[in-house]
Amino acid sequence: MHRVIVIGRGLIGSAVCRHLSEQMDGVVLLGPEEPADRQTHTGVFASHYDEGRMTRIVDPDPAWAVTAKRSIERYADLEARSGGIPFFTNAGYLGIGAPGSDYLDRSEAVGRELGADITRLDAAGIRQRFPFLKVPDDADGLHEGNRAGHISPRAMIRAQIAIARQQGAEIVADEARAVRVTANGVEVETAGGATLRAEQALVATGAFTDACGLSPVDLDLRVFGRTVVLARIEDDVMAELEGMPTLGHAGTGAYILPPIRYPDGRRYLKIGIGTTADADLRSLADLTGWFKSSGSEANRRDFQAFLTALVPALQRCRDWHTDTCAVAWTGTGLPYIDYAVDGRIAVAVGGNGKGAKSSDDWGWLAAQLVAGGDWDHPVPRDRLRLPRR
Ligand SMILES: Cc1cc2nc3c(=O)[nH]c(=O)nc-3n(C[C@H](O)[C@H](O)[C@H](O)COP(=O)(O)OP(=O)(O)OC[C@H]3O[C@@H](n4cnc5c(N)ncnc54)[C@H](O)[C@@H]3O)c2cc1C
């Protein structure tokens with residue numbers, strides 16, 4: 001009999017496992033590896049199969065900003081304790097404002113409260129600092145220099161798991177099929193035919209949670225398919241993009257990752273924009289079908305046009321491709337970190353499209369909940385409760 005089974009080996013689940021295994025023995029992390037071949041894969045997928053996720057403190061919502069700050073402050077320690085698995089690149093962040101939007105003002109106010117390293121820039125300042133950007137004369141920028149940039153979600157999970165293993169956690173590469181409350185705890189049935197038993201289970205299966213029916217309480221998540229577009233960056237273009245930060249564009253919601261090296265040894269620059277036409281993914285078949293697809297052709301065309309207008313050097317890129325991912329939105333805009341069945345089954349679900357940067361701190365909160373520790377945190381527990389409780 002284990003103490004806790006954490007279901008979901010993603011950004012939040014691996015963080016929960018790492019924090020919990022610091023406090024207790026008997027922690028199991030249950031979740032599959034990233035599939036080697038998406039097309040022939042028959043199981044679930046995840047929202048972290050990539051090399052770039054933006055991270056920064058500034059955010060209009062103080063809850064996201066403070067959890068990002070607390071997470072970012074732990075990145076270096078995680079990298080060191082994992083035996084040297086680097087996952088954070090301090091590339092900085094530039095938010096580009098839009099006339100009529102107060103997004104940057106609200107982000108700046110929250111960032112200043114938390115001591116973020118921020119500078120406001122006008123169009124001339126943006127062009128001087130980042131000469132590869134073509135911005136209009138009324139553009140406005142918010143730059144966060146230190147402790148902002150991007151993380152490799154794959155490497156961050158590897159780091160979390162390496163530490164969790166050192167602390168005695170057991171990792172089981174399988175999928176959960178069902179979670180049940182029993183007379184003295186819970187049992188989790190796996191796709192591989194095993195039954196794991198523990199005092200408690202914590203479900204951290206991201207966008208797949210509702211479709212897999214793993215929470216006893218309906219989370220009513222809204223899950224959208226997202227298409228991202230990647231441009232391969234050769235050395236001549238790279239030379240012009242030196243010092244490129246991560247970028248957010250308030251007017252369109254576009255987010256752009258600077259050139260990052262991928263497992264094939266090449267560098268790619270990535271753009272994504274959430275649109276209202278994004279695929280609404282409800283069933284497991286919807287989700288797996290989406291992850292096996294090449295995404296939206298209209299998005300590919302529109303994102304490429306937007307990106308090459310903003311960064312004209314990219315017009316020289318000859319190799320463009322798409323990738324697919326999914327985001328899980330909660331009704332509150334924050335993750336649900338709460339018990340679905342008191343003392344037995346908890347959930348930590350709902351990245352709301354920006355769960356990577358704060359994942360270590362959401363994991364800390366979920367570990368406190370399950371371990372019965374003090375909720376000594378600036379985000380009140382009530383803000384993370386499940387709906388209709
Ligand atoms: C295109 C895109 C861009 C993004 N960009 C950013 C960004 O720049 N910055 C940022 O902060 N966030 C970003 N995000 C959001 C971020 O990636 C997610 O919020 C984050 O991955 C959520 O973490 P999670 O642990 O909840 O889910 P995941 O990371 O998806 O992990 C869930 C895990 O559960 C496992 N699982 C699923 N079903 C089962 C099952 N039945 N049994 C066992 N395990 C199961 C999966 O295999 C997976 O490992 C982006 C998301 C997308 C899609």
Side-chain angles (χ1 to χ4, degrees), residues 5-17 29-35 41 43-56 59 64 67-68 71-72 93 148-151 153-154 156-157 160-161 172-179 188-192 196 201 203-215 221 223-230 246-248 254-257 270-274 278 281 284 287-288 290-291 295 299 303 322-330 335-337 347-360 362-363 366:
I5 302 168
V6 179
I7 307 171
R9 192 175 171 172
L11 282 157
I12 294 179
S14 64
V16 181
C17 178
L29 180 61
L30 170 68
E33 307 265 4
E34 179 172 345
H41 180 62
V44 296
F45 291 85
S47 304
H48 58 75
Y49 302 153
D50 198 2
E51 292 302 329
R53 291 282 181 268
M54 291 169 68
T55 187
R56 61 176 188 272
D59 192 287
W64 279 103
T67 50
S71 298
I72 292 166
Y93 159 78
H150 50 91
I151 52 177
R154 287 184 177 122
M156 185 170 184
I157 291 169
Q160 296 279 25
I161 290 178
V172 176
D174 202 345
E175 291 181 21
R177 282 280 187 266
V179 187
V188 179
E189 229 175 75
T190 76
L196 306 178
V203 178
T205 45
F208 282 76
T209 308
D210 284 348
C212 288
L214 292 176
S215 166
L221 299 171
V223 178
F224 296 104
R226 289 278 163 86
T227 303
V228 294
V229 175
L230 296 101
T246 56
L247 292 169
Y255 57 92
I256 299 165
L257 278 291
K270 183 182 78 181
I271 180 170
I273 307 177
D278 283 337
L281 307 174
L284 200 50
L287 273 155
T288 54
W290 176 256
F291 274 94
N299 283 174
F303 296 0
T322 57
D323 194 8
T324 49
C325 189
V327 289
W329 293 84
T330 60
Y336 294 133
I337 298 180
V347 302
V349 169
N352 288 274
K354 51 183 178 181
K357 60 184 179 187
S358 299
S359 59
D360 191 61
W362 297 131

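Remember, it's 1-based here, ligands and their atoms both numbered in the order they're listed. Predicted, not measured: the structure shown is a model, and the values here were computed from it. Because only heavy atoms are used, hydrogens play no part in the values below, and waters and symmetry mates are left out as well, while side chains stay in.
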Review point. Tell me, which residues have any heavy atom less than 4.0 Å from some atom of ligand 1?
Key: Ile7, Gly8, Arg9, Gly10, Leu11, Ile12, Leu30, Gly31, Pro32, Val44, Phe45, Ala46, Ser47, His48, Arg53, Met54, Glu175, Ala176, Ala204, Thr205, Gly206, Phe208, Cys212, Leu214, Val228, Tyr255, Cys325, Ala326, Val327, Gly351, Gly353, Lys354, Gly355, Ala356, Lys357
**Study point:** side chain to side chain donor-acceptor pair (under 3.5 Å) against Thr67, all qualifying residues, sequence neighbours excluded
**Key:** Ser358
Practice item. Return yes if some donor-acceptor pair links the side-chain N/O of Asp174 with the main-chain N/O of Leu30 below 3.5 Å, else return no. Key: no
Revision key, fill the gap. Sequence neighbours excluded, the answer for salt bridge (charged side-chain N to carboxylate O under 4.0 Å, His left out) partners of Arg226 is Asp278
Practice item. Taking the side chain as every heavy atom from C-beta outward, state whether Glu33 and Arg9 have any atom pair closer than 4.5 Å. Key: yes
Check your understanding: Which class fits the ring pair Tyr49 and Phe291: parallel under 30°, tilted 30 to 60°, perpendicular over 60°?
Key -> perpendicular
Review point. Residues two or more places apart in sequence or in another chain: which of them pass salt bridge (charged side-chain N to carboxylate O under 4.0 Å, His left out) with Asp50?
Key: Arg53, Lys270
